[in-house]
Amino acid sequence: MPTTRRDFLSRSSLAAAALGTAAILSENGVAAEARADTAAESVKRLKLPAKPVILTKVGPAKALDAAYQMLTDGVDTLDAALYICVDCENDPNDTSVGLGGMPNEEGVMELDASCMHGPTRGAGAVGAVRNIKNVSLLARMVMDRTGHVMLVGEGAERFAVAQGLKREDLLAENARKAWLLWKENHSNADWWGPGMGSPGWKDPFDGKTPESNLHGRIPRHPGPEWTPVIRERSQRLTEMAADLGIPLEQRWNAVKEVLWPTTGTVHVSAVDTKGQMSSSTSTSGMAWKLPGRLGDSPIIGAGCFTDQDVGSAGATGSGEENVKIAGAVTIVELMRQGLSPREAGLEALRRLVRIYNGDMKKVRYLDMIYFVLRKDGAYAGCSLWSTGPDGKPRSFMVHDGTQRTEKCEYLYEGYYTAWPPF
Ligand code: GLY
């Protein structure tokens with residue numbers, strides 16, 4: 001069939017459009033390649049650290065010293081990171097990790113952990129593990145001794161026993177009593193029902209002032225600065241705690257666990273003078289969670305991530321939200337693109353806020369601290385809020401030859417409102 005002028009024109013314009021699209025695609029491809037090249041160049045320019053560097057939460061000071069010595073002696077970075085996690089897991093007074101952590105809503109301890117080894121680019125994780133204290137070591141065993149990356153629940157527990165770890169009762173007496181207090185106190189204000197992301201969610205404070213606020217500060221012990229709501233609640237809980245037989249010296253801690261349930265975790269990121277990096281995260285998860293719940297800690301890329309070419313990051317705080325933005329891998333990728341540890345950590349926090357379009361009626365329930373370490377030893381601790389509910393500045397510990405506690409960079413002044421609220 002002869003080609004008409006109209007066919008010719010229409011084919012030509014299609015061809016031109018196709019060519020145009022191809023040109024745009026290729027331009028984008030070139031631009032993307034150029035960006036990747038620049039990012040790769042900035043990563044290549046990173047110098048090796050003059051001294052090893054380790055980051056972790058405030059607390060395990062002795063273990064941090066010992067782990068630093070291990071790095072100085074040439075021990076592998078993952079061994080050093082795990083040394084600190086195991087120390088926290090074995091400590092019955094650490095209420096956010098291992099033995100002595102806070103249980104789920106049924107009063108049962110379920111632990112989560114993960115690790116990454118930079119030099120071999122290996123990863124291991126375990127979730128919702130009962131009766132096994134050193135879940136950080138178990139995560140490493142999954143990495144070293146299976147072809148998998150993650151085991152959960154009963155299977156993870158059986159694997160632990162097969163590997164020689166002991167089953168033990170992890171519920172410490174003070175955690176059991178705090179759980180009893182929570183159980184007696186709570187009504188329908190728990191983790192059941194729609195979450196904040198759901199259209200069915202109702203603000204429990206109905207837009208009114210919650211028990212904590214965005215710009216205020218509360219003291220560590222009940223005092224005149226307390227809002228009437230907190231004063232009334234803490235008084236009532238303290239009386240209930242006395243009725244439950246909670247000894248006087250443990251009463252205030254139990255009350256705090258009910259007012260601001262633990263969301264804590266231990267994360268460690270380490271780099272040695274060869275630039276070799278590793279990370280490890282361990283937690284008992286959110287206090288009073290639903291059985292079987294996993295947060296961010298066992299999720300590689302959310303609660304823990306190391307890329308041997310760039311850096312390492314980890315998190316403690318609202319696990320559900322951190323999973324939504326894959327916090328740790330997001331931070332490492334931002335550093336690959338040239339952002340400093342501080343800028344990368346703060347940008348990840350902005351993405352958390354973006355989940356709720358900056359609606360502070362929701363953001364006020366979130367809590368987060370990011371630990372960020374670059375391959376050259378540059379580091380930052382970044383938190384959503386300037387303080388914890390106890391009024392202490394959000395901080396982290398670092399060792400680079402000298403051990404010290406540093407304040408986090410933060411997005412907002414104030415502290416978070418406990419969730420679920422009572
Ligand atoms: N970030 C600890 C947890 O959500 O379980």
Side-chain angles (χ1 to χ4, degrees), residues 55-59 84-85 88-89 94-98 100-106 108-116 125-130 135-136 138-139 150 152-153 156 170 175 179 182 190-191 195-197 257 260-269 279-305 313-331 345 348-349 351-352 355 363 365-372 381-385 388-389 394 396 408 416-420:
L55 294 191
T56 192
K57 68 169 181 174
V58 175
I84 297 174
C85 286
C88 295
E89 289 165 351
D94 187 327
T95 58
S96 63
V97 183
M102 290 294 140
N104 66 20
E105 65 169 18
E106 292 174 356
V108 178
M109 295 286 296
E110 288 186 337
L111 308 182
D112 308 325
S114 59
C115 67
M116 285 195 84
V126 291
V129 182
R130 298 183 174 192
V135 279
S136 58
L138 187 58
M150 185 182 227
V152 299
L170 302 177
W179 171 73
W182 172 77
D190 54 25
W191 284 95
M196 283 199 297
E257 286 296 345
W260 297 280
T262 287
T263 60
T265 297
V266 56
H267 169 79
V268 184
S269 277
S279 57
S280 170
T281 299
S282 179
T283 189
S284 52
M286 225 158 237
W288 335 131
K289 63 193 174 184
L290 269 61
R293 175 263 187 191
L294 298 180
D296 57 333
S297 302
I299 309 296
I300 298 291
C304 182
F305 191 75
T316 170
S318 310
E320 278 71 7
E321 311 307 326
N322 194 36
V323 167
K324 293 178 195 169
I325 64 151
V329 74
T330 294
I331 289 170
L349 290 167
R351 290 189 193 189
L352 275 187
I355 296 174
V363 172
Y365 293 112
L366 311 187
D367 187 27
M368 190 60 59
I369 299 180
Y370 287 125
F371 305 86
V372 192
C382 300
S383 63
L384 191 57
W385 299 104
R394 286 300 200 199
F396 63 101
C408 291
Y416 76 107
T417 299
W419 174 265

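Numbering of ligands and ligand atoms starts at 1, following listing order.
Thr265 OG1, 3.2 Å is the protein heavy atom nearest to atom 2 (C) of ligand 1. Here the heavy atom of the protein found nearest to atom 4 (O) of ligand 1 is Arg293 NH2, 2.8 Å.
Taking CZ of Phe371 as the reference point, atom CZ of Phe396 lies at 8.5 Å (rounded to 0.5 Å). Taken from CG in Asn322 to CD1 in Ile369, the straight-line distance is 12.0 Å, to the nearest 0.5 Å.
With hydrogens and angles disregarded, a donor-acceptor distance shorter than 3.5 Å links the side chain of Trp179 to the backbone of Glu105. One N or O on the side chain of Asp112 and one on the backbone of Ala128 form a donor-acceptor pair closer than 3.5 Å. Distance alone, capped at 3.5 Å, is enough to place a donor-acceptor pair between the Lys289 side chain and the Glu110 backbone.
In summary, the side chains of His267 and Ser269 do present a donor paired with an acceptor at a separation below 3.5 Å, with no hydrogens or angles considered. A donor-acceptor contact closer than 3.5 angstrom links the side chains of Asp94 and Ser96.
Taking every non-hydrogen atom of Gly317 and a distance limit under 4.0 Å, the qualifying atoms of ligand 1 come out as 1 (N), 2 (C), 3 (C), 4 (O). The atoms of ligand 1 that sit less than 4.0 Å from any heavy atom of Asp296 are 1 (N), 2 (C), 3 (C), 4 (O). Near Ser297, with a cut-off below 4.0 Å to any heavy atom, the atoms of ligand 1 are 1 (N), 2 (C). Close contacts of ligand 1 with Gly285, meaning ligand atoms under 4.0 Å from a residue heavy atom, involve 5 (O). Close contacts of ligand 1 with Met286, meaning ligand atoms under 4.0 Å from a residue heavy atom, involve 5 (O).
At least one N or O atom of Gly319 sits closer than 3.5 Å to an N or O atom of ligand 1. Where the criterion is an N or O separation shorter than 3.5 Å, residue side chain and backbone included, Gly295 fails it with respect to ligand 1.
Residue-ligand proximity: Glu320 is placed with every non-hydrogen atom at 4.0 Å or more from ligand 1.
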